[in-house]
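Throughout, a chain's letter reflects where its sequence line sits, starting with A, and its residues are numbered from 1.
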Amino acid sequence: MELKSTKTLSGFIELLPAQQRCFDECAARMQRVLKTAGFAHLDLPAIERAEVLTDKDNWDEIETQMFLFQKGDTKMGLRYDGTVGLSRYVAGHINDLVFPFRAYQFARNYRGERPQRGRYREFYQMDLDIMGIDTLSENYDAEIVATLANAYGAVQEFIGPVNIRIGNRRFWNALFEKLNLTEQQQRAAFILIDKKDKIKDFYDGLVDEIGVDAADEINKVFSNGCRSFAGASSDIDAAITEMDNFMSLLDSMGIKNAKIDLGIMRGHSYYTGIVFEFFLDRFPELGAIGGGGRYENLTSKFSKTKIIGVGAAVGFSRLMVALMDDNKIDLSSFEQPVKAAVLVMGAEQVQYAMGVLADLRNAEIVSVPYLDAGKKFKNQVEFADKIKARFSLIVGENERKNNVLSVKDMLSGTQQTLDIKSTIELLKTV
RNA sequence: GCGGAUGUAGCUCAGCUGGUUAGAGCGUUGGUUUGUGGUACCAAAUGUCGCCGGUUCGAAUCCGGUCAUCCGCCCCA
(Lines give C-alpha, C1' and ligand atoms only; values in the text may rest on other atoms or scores of the structure.)
Protein backbone atom coordinates (compact mmCIF):
# COMPACT_ATOMS: atom_id res chain seq x y z
CA MET A 1 0.00 0.00 0.00
CA GLU A 2 1.34 3.38 -0.92
CA LEU A 3 2.01 5.59 2.05
CA LYS A 4 0.50 9.03 2.13
CA SER A 5 2.68 12.03 2.77
CA THR A 6 3.17 13.07 6.38
CA LYS A 7 4.30 16.54 5.48
CA THR A 8 2.14 19.49 6.40
CA LEU A 9 0.77 21.59 3.60
CA SER A 10 3.18 24.29 2.54
CA GLY A 11 3.01 27.26 4.87
CA PHE A 12 1.51 25.36 7.80
CA ILE A 13 3.31 24.84 11.07
CA GLU A 14 3.43 22.06 13.61
CA LEU A 15 5.70 21.84 16.62
CA LEU A 16 7.34 19.07 18.60
CA PRO A 17 6.25 18.66 22.23
CA ALA A 18 9.10 20.67 23.80
CA GLN A 19 8.64 23.45 21.26
CA GLN A 20 4.92 23.50 21.87
CA ARG A 21 5.44 23.81 25.64
CA CYS A 22 7.73 26.76 25.06
CA PHE A 23 5.22 28.29 22.66
CA ASP A 24 2.37 27.82 25.13
CA GLU A 25 4.35 29.23 28.03
CA CYS A 26 5.30 32.37 26.12
CA ALA A 27 1.74 32.82 24.88
CA ALA A 28 0.39 32.49 28.42
CA ARG A 29 2.87 34.96 29.86
CA MET A 30 2.16 37.61 27.25
CA GLN A 31 -1.58 37.20 27.64
CA ARG A 32 -1.29 37.51 31.39
CA VAL A 33 0.27 40.94 30.92
CA LEU A 34 -2.64 42.02 28.73
CA LYS A 35 -5.21 40.73 31.19
CA THR A 36 -3.48 42.62 33.97
CA ALA A 37 -3.80 45.73 31.83
CA GLY A 38 -7.54 45.13 31.66
CA PHE A 39 -7.83 43.92 28.08
CA ALA A 40 -10.82 41.65 27.48
CA HIS A 41 -10.07 38.40 25.69
CA LEU A 42 -12.05 37.98 22.48
CA ASP A 43 -12.25 34.68 20.62
CA LEU A 44 -13.92 35.63 17.35
CA PRO A 45 -14.90 33.34 14.47
CA ALA A 46 -12.13 32.28 12.12
CA ILE A 47 -14.55 32.52 9.20
CA GLU A 48 -16.19 35.76 8.16
CA ARG A 49 -18.46 36.71 5.32
CA ALA A 50 -16.35 37.61 2.30
CA GLU A 51 -17.83 41.10 2.23
CA VAL A 52 -16.46 41.67 5.72
CA LEU A 53 -12.99 40.64 4.65
CA THR A 54 -12.73 42.57 1.43
CA ASP A 55 -14.30 45.41 -0.47
CA LYS A 56 -12.99 44.14 -3.74
CA ASP A 57 -15.25 42.35 -6.19
CA ASN A 58 -12.52 40.67 -8.17
CA TRP A 59 -12.85 37.19 -6.71
CA ASP A 60 -9.98 35.69 -8.70
CA GLU A 61 -7.53 38.34 -7.65
CA ILE A 62 -8.28 38.27 -3.94
CA GLU A 63 -8.38 34.49 -3.95
CA THR A 64 -4.61 34.53 -4.41
CA GLN A 65 -4.31 36.38 -1.11
CA MET A 66 -7.03 34.83 1.02
CA PHE A 67 -8.70 31.51 1.65
CA LEU A 68 -12.18 31.98 0.23
CA PHE A 69 -14.98 29.52 -0.35
CA GLN A 70 -18.69 29.31 -0.81
CA LYS A 71 -21.50 27.40 0.89
CA GLY A 72 -24.80 27.76 -0.92
CA ASP A 73 -25.01 31.41 -1.86
CA THR A 74 -22.80 32.64 0.98
CA LYS A 75 -19.27 33.62 0.08
CA MET A 76 -16.98 33.40 3.04
CA GLY A 77 -13.33 33.31 3.95
CA LEU A 78 -10.79 32.77 6.68
CA ARG A 79 -9.74 35.90 8.54
CA TYR A 80 -6.29 37.21 7.70
CA ASP A 81 -5.83 39.34 10.83
CA GLY A 82 -7.63 40.30 13.98
CA THR A 83 -8.50 43.84 13.08
CA VAL A 84 -11.27 43.20 10.58
CA GLY A 85 -13.21 40.91 12.90
CA LEU A 86 -12.72 43.27 15.80
CA SER A 87 -14.08 46.20 13.82
CA ARG A 88 -17.19 44.20 12.95
CA TYR A 89 -17.54 43.02 16.54
CA VAL A 90 -17.25 46.47 18.07
CA ALA A 91 -19.60 48.05 15.57
CA GLY A 92 -22.10 45.25 16.10
CA HIS A 93 -22.04 45.34 19.91
CA ILE A 94 -21.67 49.04 20.33
CA ASN A 95 -24.51 49.21 22.86
CA ASP A 96 -23.15 46.38 24.96
CA LEU A 97 -19.59 47.60 25.32
CA VAL A 98 -18.05 50.26 27.50
CA PHE A 99 -15.80 52.74 25.76
CA PRO A 100 -12.91 53.20 25.59
CA PHE A 101 -13.12 49.48 24.90
CA ARG A 102 -9.96 47.46 25.28
CA ALA A 103 -9.62 43.93 23.96
CA TYR A 104 -7.04 41.42 22.87
CA GLN A 105 -7.15 38.39 20.62
CA PHE A 106 -4.77 35.49 20.43
CA ALA A 107 -5.87 33.57 17.41
CA ARG A 108 -4.97 31.77 14.25
CA ASN A 109 -5.13 33.76 11.06
CA TYR A 110 -4.90 32.62 7.47
CA ARG A 111 -3.40 34.02 4.31
CA GLY A 112 -3.55 32.40 0.91
CA GLU A 113 -0.39 33.93 -0.46
CA ARG A 114 2.56 31.83 -1.47
CA PRO A 115 4.61 30.99 1.60
CA GLN A 116 8.23 31.94 2.07
CA ARG A 117 10.60 32.28 4.98
CA GLY A 118 8.82 33.75 7.98
CA ARG A 119 5.54 33.98 6.11
CA TYR A 120 2.99 31.31 6.74
CA ARG A 121 -0.50 30.50 5.57
CA GLU A 122 -1.66 29.76 9.08
CA PHE A 123 -0.23 31.55 12.08
CA TYR A 124 -1.02 32.88 15.52
CA GLN A 125 -1.25 36.59 15.89
CA MET A 126 -1.86 38.51 19.08
CA ASP A 127 -3.88 41.68 18.56
CA LEU A 128 -4.55 44.31 21.19
CA ASP A 129 -6.70 47.37 20.63
CA ILE A 130 -8.27 50.27 22.47
CA MET A 131 -11.25 51.82 20.74
CA GLY A 132 -13.21 54.96 21.53
CA ILE A 133 -16.31 56.62 20.15
CA ASP A 134 -15.74 59.95 18.43
CA THR A 135 -12.58 60.65 20.38
CA LEU A 136 -9.71 58.70 21.87
CA SER A 137 -6.86 60.49 23.56
CA GLU A 138 -3.39 60.05 22.08
CA ASN A 139 -2.31 59.12 25.59
CA TYR A 140 -3.75 55.68 24.85
CA ASP A 141 -1.22 55.30 22.06
CA ALA A 142 1.51 55.37 24.66
CA GLU A 143 -0.36 52.95 26.88
CA ILE A 144 -0.70 50.43 24.05
CA VAL A 145 3.01 50.58 23.30
CA ALA A 146 3.96 50.33 26.97
CA THR A 147 1.63 47.36 27.46
CA LEU A 148 3.05 45.57 24.45
CA ALA A 149 6.58 46.30 25.66
CA ASN A 150 5.68 44.71 28.98
CA ALA A 151 4.23 41.69 27.20
CA TYR A 152 7.52 41.18 25.37
CA GLY A 153 9.29 41.78 28.65
CA ALA A 154 7.45 38.82 30.17
CA VAL A 155 9.17 36.50 27.69
CA GLN A 156 12.50 38.27 27.65
CA GLU A 157 14.34 35.24 28.99
CA PHE A 158 13.46 33.48 25.74
CA ILE A 159 13.51 36.20 23.08
CA GLY A 160 15.90 38.69 24.62
CA PRO A 161 15.35 42.44 24.90
CA VAL A 162 13.37 44.43 22.34
CA ASN A 163 13.63 47.95 21.03
CA ILE A 164 10.85 50.14 19.78
CA ARG A 165 10.79 52.58 16.90
CA ILE A 166 8.15 55.24 16.72
CA GLY A 167 6.92 56.89 13.55
CA ASN A 168 4.20 59.44 12.95
CA ARG A 169 1.95 59.56 9.93
CA ARG A 170 0.57 62.89 11.06
CA PHE A 171 4.00 64.45 10.76
CA TRP A 172 4.39 63.24 7.21
CA ASN A 173 0.90 64.34 6.24
CA ALA A 174 1.66 67.79 7.61
CA LEU A 175 4.98 67.94 5.81
CA PHE A 176 3.49 66.72 2.53
CA GLU A 177 0.84 69.39 2.89
CA LYS A 178 3.50 72.00 3.46
CA LEU A 179 5.38 70.78 0.37
CA ASN A 180 2.18 70.97 -1.70
CA LEU A 181 2.38 67.39 -2.89
CA THR A 182 -0.53 65.97 -4.86
CA GLU A 183 -2.39 63.00 -3.47
CA GLN A 184 -0.61 60.73 -5.92
CA GLN A 185 2.78 62.12 -4.97
CA GLN A 186 1.97 61.66 -1.31
CA ARG A 187 1.14 58.02 -1.86
CA ALA A 188 4.34 57.45 -3.80
CA ALA A 189 6.40 59.18 -1.13
CA PHE A 190 4.72 57.07 1.57
CA ILE A 191 5.67 53.86 -0.18
CA LEU A 192 9.25 54.96 -0.73
CA ILE A 193 9.73 56.05 2.89
CA ASP A 194 8.21 52.77 4.06
CA LYS A 195 10.73 50.84 1.97
CA LYS A 196 13.60 53.18 2.66
CA ASP A 197 15.84 50.62 4.34
CA LYS A 198 15.20 47.98 1.71
CA ILE A 199 15.95 49.97 -1.42
CA LYS A 200 19.17 51.55 -2.57
CA ASP A 201 17.94 54.40 -4.72
CA PHE A 202 15.68 55.98 -2.12
CA TYR A 203 16.66 59.55 -2.93
CA ASP A 204 16.60 59.07 -6.70
CA GLY A 205 13.20 57.48 -6.43
CA LEU A 206 11.94 60.42 -4.43
CA VAL A 207 13.27 62.88 -6.98
CA ASP A 208 11.49 60.98 -9.74
CA GLU A 209 8.21 61.10 -7.89
CA ILE A 210 8.11 64.51 -6.24
CA GLY A 211 10.99 66.58 -7.60
CA VAL A 212 14.36 67.65 -6.23
CA ASP A 213 13.21 70.32 -3.81
CA ALA A 214 10.65 68.18 -2.01
CA ALA A 215 13.00 65.20 -2.00
CA ASP A 216 15.68 67.32 -0.32
CA GLU A 217 13.23 68.37 2.36
CA ILE A 218 12.25 64.77 3.06
CA ASN A 219 15.86 63.71 3.17
CA LYS A 220 16.45 66.47 5.73
CA VAL A 221 14.03 64.70 8.06
CA PHE A 222 16.38 61.75 8.16
CA SER A 223 19.64 63.71 8.31
CA ASN A 224 18.67 66.55 10.65
CA GLY A 225 15.62 65.15 12.45
CA CYS A 226 12.03 66.31 12.50
CA ARG A 227 12.79 69.08 14.95
CA SER A 228 14.48 71.07 12.23
CA PHE A 229 11.00 71.62 10.82
CA ALA A 230 9.68 73.24 14.01
CA GLY A 231 7.65 76.32 13.19
CA ALA A 232 7.16 75.33 9.54
CA SER A 233 3.44 74.93 10.05
CA SER A 234 0.99 74.56 12.90
CA ASP A 235 0.24 70.96 11.85
CA ILE A 236 3.93 70.06 11.88
CA ASP A 237 4.34 71.62 15.31
CA ALA A 238 1.34 69.69 16.57
CA ALA A 239 2.85 66.42 15.28
CA ILE A 240 6.17 67.15 16.98
CA THR A 241 4.42 68.02 20.23
CA GLU A 242 2.46 64.80 19.95
CA MET A 243 5.65 62.78 19.67
CA ASP A 244 7.27 64.59 22.59
CA ASN A 245 4.25 63.91 24.77
CA PHE A 246 4.19 60.30 23.61
CA MET A 247 7.83 59.71 24.47
CA SER A 248 7.55 61.26 27.92
CA LEU A 249 4.50 59.11 28.71
CA LEU A 250 6.44 56.01 27.69
CA ASP A 251 9.21 57.14 29.97
CA SER A 252 6.75 57.53 32.87
CA MET A 253 5.66 53.93 32.34
CA GLY A 254 9.24 52.76 32.55
CA ILE A 255 9.76 52.15 28.85
CA LYS A 256 13.27 53.33 28.04
CA ASN A 257 14.00 51.35 24.87
CA ALA A 258 11.95 53.45 22.44
CA LYS A 259 13.21 56.00 19.95
CA ILE A 260 11.72 58.07 17.21
CA ASP A 261 12.32 56.79 13.69
CA LEU A 262 10.22 58.54 11.10
CA GLY A 263 11.14 55.86 8.58
CA ILE A 264 8.57 53.67 10.33
CA MET A 265 5.43 53.86 8.22
CA ARG A 266 3.60 50.51 8.35
CA GLY A 267 2.14 49.17 5.14
CA HIS A 268 -1.52 49.44 6.02
CA SER A 269 -3.21 52.49 4.64
CA TYR A 270 -5.60 52.88 7.56
CA TYR A 271 -3.10 54.30 10.04
CA THR A 272 -3.46 58.00 10.67
CA GLY A 273 -1.20 58.99 13.56
CA ILE A 274 1.50 57.40 15.65
CA VAL A 275 2.82 54.13 14.26
CA PHE A 276 5.37 51.83 15.88
CA GLU A 277 7.34 48.65 15.38
CA PHE A 278 9.14 46.33 17.77
CA PHE A 279 12.48 44.69 16.99
CA LEU A 280 14.69 42.18 18.76
CA ASP A 281 18.02 43.55 19.99
CA ARG A 282 19.72 40.23 19.46
CA PHE A 283 18.16 39.34 16.12
CA PRO A 284 17.44 42.50 14.14
CA GLU A 285 17.54 40.40 10.98
CA LEU A 286 14.12 39.00 11.84
CA GLY A 287 12.62 42.40 11.10
CA ALA A 288 9.62 43.80 12.92
CA ILE A 289 8.19 41.27 15.37
CA GLY A 290 5.15 43.38 16.09
CA GLY A 291 3.75 46.80 15.52
CA GLY A 292 0.70 48.92 15.09
CA GLY A 293 -0.63 52.42 15.37
CA ARG A 294 -3.58 54.72 15.52
CA TYR A 295 -6.39 54.38 13.02
CA GLU A 296 -9.66 56.07 12.26
CA ASN A 297 -12.65 55.11 10.21
CA LEU A 298 -11.81 51.42 10.26
CA THR A 299 -15.38 50.62 11.26
CA SER A 300 -17.01 53.01 8.83
CA LYS A 301 -18.27 50.17 6.67
CA PHE A 302 -20.09 48.65 9.64
CA SER A 303 -21.39 51.63 11.56
CA LYS A 304 -22.25 55.29 11.20
CA THR A 305 -20.76 55.90 14.62
CA LYS A 306 -17.22 57.11 14.36
CA ILE A 307 -14.91 54.73 16.15
CA ILE A 308 -11.29 55.62 16.66
CA GLY A 309 -8.73 53.10 17.73
CA VAL A 310 -5.15 52.39 18.50
CA GLY A 311 -3.93 48.85 18.19
CA ALA A 312 -1.00 46.52 17.78
CA ALA A 313 -0.36 43.07 16.41
CA VAL A 314 2.30 40.55 17.30
CA GLY A 315 3.28 37.97 14.71
CA PHE A 316 3.55 35.34 17.40
CA SER A 317 4.07 32.21 15.30
CA ARG A 318 6.57 33.92 13.07
CA LEU A 319 8.53 35.10 16.09
CA MET A 320 8.56 31.79 17.94
CA VAL A 321 9.19 29.60 14.92
CA ALA A 322 12.01 31.81 13.69
CA LEU A 323 13.73 31.62 17.07
CA MET A 324 13.16 27.92 17.62
CA ASP A 325 14.14 26.88 14.11
CA ASP A 326 17.54 28.47 14.45
CA ASN A 327 18.00 27.11 18.00
CA LYS A 328 17.98 30.63 19.36
CA ILE A 329 15.77 29.54 22.23
CA ASP A 330 17.10 27.13 24.82
CA LEU A 331 14.41 24.48 25.03
CA SER A 332 16.07 22.40 27.73
CA SER A 333 13.73 23.64 30.46
CA PHE A 334 10.79 22.43 28.38
CA GLU A 335 12.10 18.95 27.77
CA GLN A 336 11.64 17.44 31.18
CA PRO A 337 8.08 17.85 32.36
CA VAL A 338 7.61 14.36 33.78
CA LYS A 339 8.56 13.90 37.41
CA ALA A 340 7.73 10.23 37.76
CA ALA A 341 7.39 7.27 35.42
CA VAL A 342 5.43 4.44 37.00
CA LEU A 343 6.75 1.11 35.74
CA VAL A 344 4.59 -1.94 36.16
CA MET A 345 6.12 -5.40 36.20
CA GLY A 346 3.37 -7.83 35.41
CA ALA A 347 -0.38 -7.62 35.08
CA GLU A 348 -0.98 -8.49 38.76
CA GLN A 349 0.60 -5.17 39.74
CA VAL A 350 -1.56 -2.92 37.52
CA GLN A 351 -4.25 -2.31 40.09
CA TYR A 352 -1.79 -1.30 42.78
CA ALA A 353 0.11 0.90 40.31
CA MET A 354 -3.04 2.73 39.28
CA GLY A 355 -3.71 3.56 42.90
CA VAL A 356 -0.19 4.97 43.23
CA LEU A 357 -0.74 6.99 40.06
CA ALA A 358 -3.91 8.52 41.46
CA ASP A 359 -2.10 9.50 44.66
CA LEU A 360 0.71 11.13 42.68
CA ARG A 361 -1.68 13.12 40.58
CA ASN A 362 -3.69 14.23 43.57
CA ALA A 363 -0.40 15.62 44.85
CA GLU A 364 0.05 17.37 41.45
CA ILE A 365 3.13 15.39 40.55
CA VAL A 366 3.41 15.01 36.80
CA SER A 367 3.40 11.26 36.38
CA VAL A 368 3.16 8.86 33.47
CA PRO A 369 2.57 5.11 33.73
CA TYR A 370 3.82 2.37 31.44
CA LEU A 371 0.81 0.12 31.26
CA ASP A 372 1.93 -2.56 28.87
CA ALA A 373 2.84 -4.54 31.95
CA GLY A 374 3.90 -7.59 29.96
CA LYS A 375 6.72 -5.73 28.19
CA LYS A 376 10.26 -6.48 29.21
CA PHE A 377 11.35 -4.43 32.16
CA LYS A 378 14.31 -3.17 30.19
CA ASN A 379 11.95 -1.50 27.71
CA GLN A 380 10.06 0.10 30.54
CA VAL A 381 13.19 1.69 32.01
CA GLU A 382 14.16 2.77 28.53
CA PHE A 383 10.80 4.46 28.16
CA ALA A 384 11.31 6.31 31.44
CA ASP A 385 14.68 7.42 30.20
CA LYS A 386 13.34 8.64 26.87
CA ILE A 387 10.60 10.77 28.34
CA LYS A 388 13.28 12.16 30.63
CA ALA A 389 11.40 11.23 33.79
CA ARG A 390 13.22 12.45 36.88
CA PHE A 391 12.31 9.28 38.79
CA SER A 392 11.12 5.81 37.97
CA LEU A 393 8.67 4.32 40.44
CA ILE A 394 8.97 0.58 40.10
CA VAL A 395 6.01 -1.58 40.97
CA GLY A 396 6.79 -5.30 41.11
CA GLU A 397 5.43 -8.17 43.09
CA ASN A 398 7.54 -7.40 46.15
CA GLU A 399 6.58 -3.73 46.18
CA ARG A 400 2.90 -4.55 45.90
CA LYS A 401 3.00 -7.11 48.71
CA ASN A 402 4.83 -4.72 51.03
CA ASN A 403 2.80 -1.69 49.93
CA VAL A 404 5.96 0.24 48.94
CA LEU A 405 7.71 1.52 45.80
CA SER A 406 11.22 1.18 44.45
CA VAL A 407 12.18 4.76 43.71
CA LYS A 408 14.93 5.06 41.15
CA ASP A 409 16.67 8.39 40.68
CA MET A 410 17.18 8.49 36.91
CA LEU A 411 20.03 10.98 37.08
CA SER A 412 22.19 9.20 39.64
CA GLY A 413 20.88 5.70 39.01
CA THR A 414 20.51 5.10 42.74
CA GLN A 415 17.46 3.37 44.08
CA GLN A 416 15.64 3.20 47.40
CA THR A 417 12.51 1.63 48.80
CA LEU A 418 9.89 4.02 50.14
CA ASP A 419 6.22 3.94 51.02
CA ILE A 420 3.88 6.07 48.90
CA LYS A 421 3.69 8.94 51.36
CA SER A 422 7.48 9.34 51.61
CA THR A 423 7.76 9.00 47.83
CA ILE A 424 5.39 11.90 47.30
CA GLU A 425 7.29 13.97 49.86
CA LEU A 426 10.55 13.23 48.09
CA LEU A 427 9.18 14.07 44.66
CA LYS A 428 7.70 17.32 45.87
CA THR A 429 11.03 18.53 47.16
CA VAL A 430 13.00 17.76 44.02
C1' G B 1 1.93 35.77 -11.66
C1' C B 2 7.82 35.84 -12.28
C1' G B 3 12.92 33.92 -11.21
C1' G B 4 16.54 30.40 -8.74
C1' A B 5 17.43 25.71 -6.31
C1' U B 6 16.03 20.87 -4.78
C1' G B 7 13.15 16.07 -5.10
C1' U B 8 17.09 8.82 -3.50
C1' A B 9 14.98 4.20 3.11
C1' G B 10 10.68 6.87 8.71
C1' C B 11 14.40 11.41 9.02
C1' U B 12 19.11 14.02 7.20
C1' C B 13 21.70 13.16 3.07
C1' A B 14 25.85 10.62 -0.20
C1' G B 15 25.92 8.40 -5.03
C1' C B 16 24.82 11.83 -10.51
C1' U B 17 31.81 12.77 -16.23
C1' G B 18 25.44 6.64 -17.63
C1' G B 19 27.34 -0.06 -16.38
C1' U B 20 26.49 -6.10 -12.23
C1' U B 21 21.87 -7.48 -6.30
C1' A B 22 21.19 1.50 -4.76
C1' G B 23 24.60 3.36 0.19
C1' A B 24 25.83 5.97 5.10
C1' G B 25 24.41 8.23 9.65
C1' C B 26 20.31 8.81 12.79
C1' G B 27 15.81 6.42 14.09
C1' U B 28 12.94 1.70 14.59
C1' U B 29 12.82 -3.65 16.07
C1' G B 30 15.48 -7.86 18.12
C1' G B 31 19.90 -9.65 20.68
C1' U B 32 24.71 -9.36 24.06
C1' U B 33 21.37 -15.46 29.67
C1' U B 34 15.11 -12.67 30.37
C1' G B 35 13.68 -7.01 37.83
C1' U B 36 17.06 -1.77 35.60
C1' G B 37 17.97 3.10 30.99
C1' G B 38 21.49 6.78 29.13
C1' U B 39 27.61 4.25 26.54
C1' A B 40 29.38 0.04 23.49
C1' C B 41 28.97 -4.25 20.21
C1' C B 42 26.02 -7.70 16.90
C1' A B 43 21.81 -8.41 13.71
C1' A B 44 17.26 -7.29 11.05
C1' A B 45 13.43 -4.60 8.45
C1' U B 46 12.24 -0.61 5.10
C1' G B 47 13.25 2.18 -1.32
C1' U B 48 9.29 0.70 -8.60
C1' C B 49 15.88 6.92 -6.76
C1' G B 50 8.71 12.54 -7.13
C1' C B 51 5.70 11.36 -11.73
C1' C B 52 5.42 10.92 -17.34
C1' G B 53 8.07 10.60 -21.69
C1' G B 54 12.73 10.68 -24.67
C1' U B 55 18.06 9.32 -25.88
C1' U B 56 20.81 4.53 -25.14
C1' C B 57 22.55 -2.28 -25.49
C1' G B 58 21.93 -0.13 -20.54
C1' A B 59 19.36 5.81 -16.82
C1' A B 60 19.01 7.38 -9.73
C1' U B 61 22.77 9.44 -13.14
C1' C B 62 21.83 12.76 -19.70
C1' C B 63 17.46 15.58 -22.19
C1' G B 64 12.19 17.41 -22.25
C1' G B 65 7.71 17.96 -19.68
C1' U B 66 4.94 17.85 -15.20
C1' C B 67 3.98 18.06 -10.03
C1' A B 68 5.75 19.19 -5.21
C1' U B 69 8.90 21.62 -1.75
C1' C B 70 12.30 25.51 -0.30
C1' C B 71 14.39 30.46 -1.31
C1' G B 72 13.74 35.30 -3.53
C1' C B 73 10.36 38.82 -6.09
C1' C B 74 5.16 40.61 -6.88
C1' C B 75 1.29 41.29 -3.40
C1' C B 76 0.54 42.44 1.62
C1' A B 77 -6.15 43.19 1.91
Side-chain angles (χ1 to χ4, degrees), chain A residues 1-13 16 48 50-68 77-85 87-88 109-121 123 125 190-191 194-195 198-199 265-271 287-288 291 295 298 301 313 315 318 321-322 325 335-336 338 341-346 348-349 353 370 373-401 405-417:
Chain A
M1 186 177 67
E2 194 182 335
L3 297 176
K4 295 182 177 171
S5 173
T6 59
K7 286 203 174 82
T8 59
L9 283 169
S10 171
F12 288 78
I13 305 163
L16 292 170
E48 295 278 2
E51 67 192 43
V52 171
L53 296 173
T54 179
D55 296 327
K56 295 178 185 170
D57 291 329
N58 189 341
W59 189 262
D60 288 339
E61 186 193 324
I62 56 183
E63 210 172 14
T64 65
Q65 300 162 0
M66 285 181 216
F67 285 102
L68 293 168
L78 293 168
R79 63 177 168 209
Y80 49 81
D81 73 13
T83 312
V84 173
S87 300
R88 181 191 55 69
N109 291 294
Y110 299 84
R111 298 190 186 191
E113 65 190 352
R114 184 165 300 195
Q116 47 185 291
R117 187 169 178 77
R119 309 190 72 173
Y120 304 104
R121 286 167 141 169
F123 54 92
Q125 187 166 295
F190 254 105
I191 293 169
D194 186 34
K195 294 186 171 175
K198 285 185 192 168
I199 57 179
M265 274 299 199
R266 307 284 294 160
H268 294 286
S269 54
Y270 52 71
Y271 290 117
Y295 49 83
L298 205 58
K301 70 177 178 180
R318 158 193 263 225
V321 172
D325 272 2
E335 277 167 355
Q336 198 176 3
V338 177
V342 178
L343 310 184
V344 188
M345 301 172 64
E348 311 76 42
Q349 274 64 252
Y370 195 91
K375 277 268 191 181
K376 279 192 183 134
F377 188 55
K378 179 186 161 120
N379 294 92
Q380 302 209 24
V381 182
E382 210 169 276
F383 170 76
D385 181 48
K386 280 183 184 164
I387 63 171
K388 297 189 167 68
R390 183 66 182 76
F391 289 91
S392 286
L393 307 186
I394 300 162
V395 181
E397 198 178 342
N398 294 337
E399 286 83 356
R400 172 174 59 86
K401 282 182 177 163
L405 296 163
S406 289
V407 180
K408 181 183 174 76
D409 184 322
M410 295 298 282
L411 295 182
S412 66
T414 57
Q415 195 164 318
Q416 56 184 318
T417 303

Anything under 3.5 Å between a protein N or O and an N or O of nucleotides 29-32 of chain B, put it in a table, one pair a line.
{"residue": "rG31(B)", "atom": "OP1", "partner": "K376(A)", "partner atom": "NZ", "Å": "2.0"}
{"residue": "rG31(B)", "atom": "OP2", "partner": "K376(A)", "partner atom": "NZ", "Å": "3.1"}

Closest non-hydrogen contact found for G82(A) with Q125(A) is N-NE2, 4.0 Å
Output for pair (N398(A) CG, S406(A) OG), nearest 0.5 Å, gives 8.0 Å
Would you classify L343(A) as touching base, sugar-phosphate or nothing, given that sugar-phosphate means primed atoms plus P, OP1 and OP2, and contacts are heavy atoms under 4.0 Å?
-> nothing
Between G396(A) and D81(A), which has a closest nucleotide on RNA chain B that is more 5'?
-> G396(A)
Under the salt bridge (charged side-chain N to carboxylate O under 4.0 Å, His left out) test, residues paired with R318(A) that sit two or more places apart = none
Assign a letter to each nucleotide of nucleotides 4-9 of chain B from its 5' end: B, base within under 4.0 Å of a protein heavy atom; S, sugar-phosphate only; -, no contact.
-> ------
Could you tell me whether Q415(A) contacts a base, only the sugar-phosphate backbone, or nothing, with contacts defined as non-hydrogen atoms closer than 4.0 Å?
-> base
Using atom types as modelled, flag every donor-acceptor pair under 3.5 Å from a side chain in residues 379-389 of chain A to any protein atom, sequence neighbours excluded.
{"residue": "Q380(A)", "atom": "OE1", "partner": "V344(A)", "partner atom": "N", "Å": "3.0"}
{"residue": "Q380(A)", "atom": "NE2", "partner": "V344(A)", "partner atom": "O", "Å": "2.8"}

Among all residues two or more places apart in sequence or in another chain, which pass the salt bridge (charged side-chain N to carboxylate O under 4.0 Å, His left out) test with R121(A)?
-> none
Quick one: what's the B/S/- string for nucleotides 66-75 of chain B, heavy-atom cutoff under 4.0 Å, read 5' to 3'?
-> ---SSSSBBB
Might you point out which heavy atoms bring D409(A) and R390(A) nearest each other, and give the distance in Å?
-> OD1-NH1, 2.7 Å
Between rA77(B) (P) and I191(A) (CD1): distance, integer Å = 10 Å
Decide yes or no for Y370(A) and V342(A): does some side-chain heavy atom of the first lie under 4.5 Å from some side-chain heavy atom of the second?
-> no
Roughly how far apart, to the nearest Å, are rA68(B) and rG30(B) at atom P?
-> 40 Å
Is a donor-acceptor contact shorter than 3.5 angstrom present between the side chain of Q349(A) and the base of rG35(B)?
-> no
Decide, yes or no, whether a salt bridge links R88(A) with E48(A) under the criterion of side-chain N to carboxylate O below 4.0 Å.
-> yes
Mind checking the C1' distance from rG64(B) to rA44(B)? Whole angstroms is fine.
-> 42 Å
Quick one: pull up CZ in R111(A) and CG in D81(A) and give me the separation to the nearest 0.5 Å.
-> 6.0 Å
Whole-Å distance separating the CZ atom of R318(A) from the P atom of rC76(B) = 16 Å
